[in-house]
There are 2 protein chains.
Amino acid sequence: MAGRRSVAAALDTRAAIVRCAADIASVEGMEGVTIGRLAAELEMSKSGVIGHFGTKEQLQLATLEYAADRFRVRVWDPVSHRRPGLDRLLAICESWTRHEDDPGFPGGCFIAAVTFEWDGRTGPVHDALAATTKLWRRVLRREIETAVAAGELAADTDPGQVVFALEALAVGVNPARQLHGDDLAPAWALRAMHAVLGVPAPSST
Amino acid sequence: MAGRRSVAAALDTRAAIVRCAADIASVEGMEGVTIGRLAAELEMSKSGVIGHFGTKEQLQLATLEYAADRFRVRVWDPVSHRRPGLDRLLAICESWTRHEDDPGFPGGCFIAAVTFEWDGRTGPVHDALAATTKLWRRVLRREIETAVAAGELAADTDPGQVVFALEALAVGVNPARQLHGDDLAPAWALRAMHAVLGVPAPSST
DNA sequence: CCTACCGATCGGTAGG
DNA sequence: CCTACCGATCGGTAGG
């Protein structure tokens, strides 16, 4: 019993560390997450923090995994019931821009911040980030190809070009809001996504 | 004579420090630029490096100024002779995506990297970055408004929405290339820019 | 521009 | 999970 309680408590502690790390990283990047800072914020010792992960790199990978999971839950899961093709594609655009509008992290979208922090580096974190975003790109591409096959999008649609543009527009919401105070950025992004897809824009957002 | 030589040499040294800092920052962000690292790379003492700036924050501001100047020279200056309105606007889109394709920094576009690093923070560097990008946005907006007034763009064009979309697409080139190896990203961005503007895409790029 | 140095903090380990 | 500690590095200063 005491043993089981300890294991559960340890998992709770680990989850709390990862949540705290993701919050900090959304503002200052993953390099801004230091073990000493986490220890202070969580009122633990440094060894208590790092003991759950071994190295800082493992902590970074766990943090990325947590944020990616939240992204999936908030962006992809809500649209899984939609009809494949344009219907689901537009639903993704909506849930995605809505997520960028309120990403649930104090510094805005974690994935956006970390993407620009790690794209130019090498190593396991870069690779994990690339693998995760590659997965999402594949889902997008599949819906685009389904929509083209169904005649819902123009036959000369370039799936790679559209995937790139949708991603860039979604990610761009973050700095527009935080650097320029553009509260309309999510609506702007959604409208631009429709233009890129070549379908009529929604009447309002 | 010796005095003048010294002043010129000091300015050269300062410029070399800033260039080196910008190169590092394009890969690892401005927080990755440490005084000790600059000293090692330039084979100077730490005090010799920081003496030119006083504080690390002043060094960061000087580095940002340098990168912004290079951006202006490479993106804006080449199009200053173009006719105001759609002609110049499309020329900007071309020089901008060309710059993102080959930004002249080892880690890709400095401005893109630093934007996502600093958008969620506060302080002088955040403010300087916001002021610089705000200036560029104003130029873009002016060209869009001129094009609308001349009937070259649709009358219901939302300048703010278009400015946001063009910026997001240009900035998105960086991670697409470095995270996914998308060598076509500049061409994709240019095509999406045309879609957002509602004008025919160029035949090839 | 240098050497020599400051206190603070970094990631991480030993031992319990 | 803790205390106590390691060598390395941080930004910056004193004095020349």
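For clarity, every value in this text was computed on a predicted model and none was experimentally measured. Numbered from 1 within each chain, the chains take letters A, B, ... in sequence-line order.
With A:Trp188 as the aromatic partner, A:Arg191 does not meet the cation-pi criteria of under 6.0 angstrom to the ring centre and within 45 degrees of the ring axis. A cation-pi arrangement is present between A:Arg70 and A:Phe105 under the rule of less than 6.0 angstrom and at most 45 degrees off the ring axis.
Rounded to whole angstrom, the span from the CE atom of A:Met44 across to the P atom of D:dC1 amounts to 5 Å.
Screening residues 47-59 of chain B for salt bridge (Lys or Arg N to Asp or Glu O under 4.0 Å), with sequence neighbours left out, gives B:Glu31-B:Lys56. Counting only residues at least two apart or on different chains, the side-chain hydrogen bond (donor to acceptor under 3.5 Å, both in side chains) pairs with a member in residues 40-55 of chain A are A:Ser45-A:Ser47.
Remark: DNA chain D takes part in the stems C:1-16 with D:1-16, each of 3 or more antiparallel Watson-Crick or G-U pairs, criterion distances under 3.5 Å.
Applying the ring pair (Phe, Tyr, Trp, His ring centres under 6.0 Å) test to A:His180 and every residue at least two apart in sequence or in another chain returns nothing.
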Self-check item: Protein proximity profile, nucleotides 11-16 of chain D - base contact B, sugar-phosphate-only contact S, no contact -, cut-off 4.0 Å on heavy atoms
Solution: BBB---
Practice problem: Evaluate the side-chain contact (heavy atoms from CB on, under 4.5 Å) criterion for residues B:Val33 and B:Thr63: first the C-alpha distance (whole Å), next the side-chain angles of each, then the deciding distance (0.1 Å), finally the verdict. | Solution: CA-CA 10 Å; B:Val33 180; B:Thr63 306; over 6 Å; no
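Within the 3.5 Å criterion, the main-chain N or O of B:Ala185 finds no donor-acceptor partner in the side chain of B:Arg177.
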Could you list the donor-acceptor pairs under 3.5 angstrom formed between side-chain atoms of residues 79-86 of chain B and any protein atom two or more places apart in sequence or on another chain?
residue	atom	partner	partner atom	Å
B:Ser80	OG	B:Asp77	O	3.0
B:His81	ND1	B:Pro78	O	3.2
B:Arg82	NE	B:Asp87	OD2	3.2
B:Arg82	NH2	B:Asp87	OD1	3.2
B:Arg83	NH1	B:Glu152	OE2	3.2

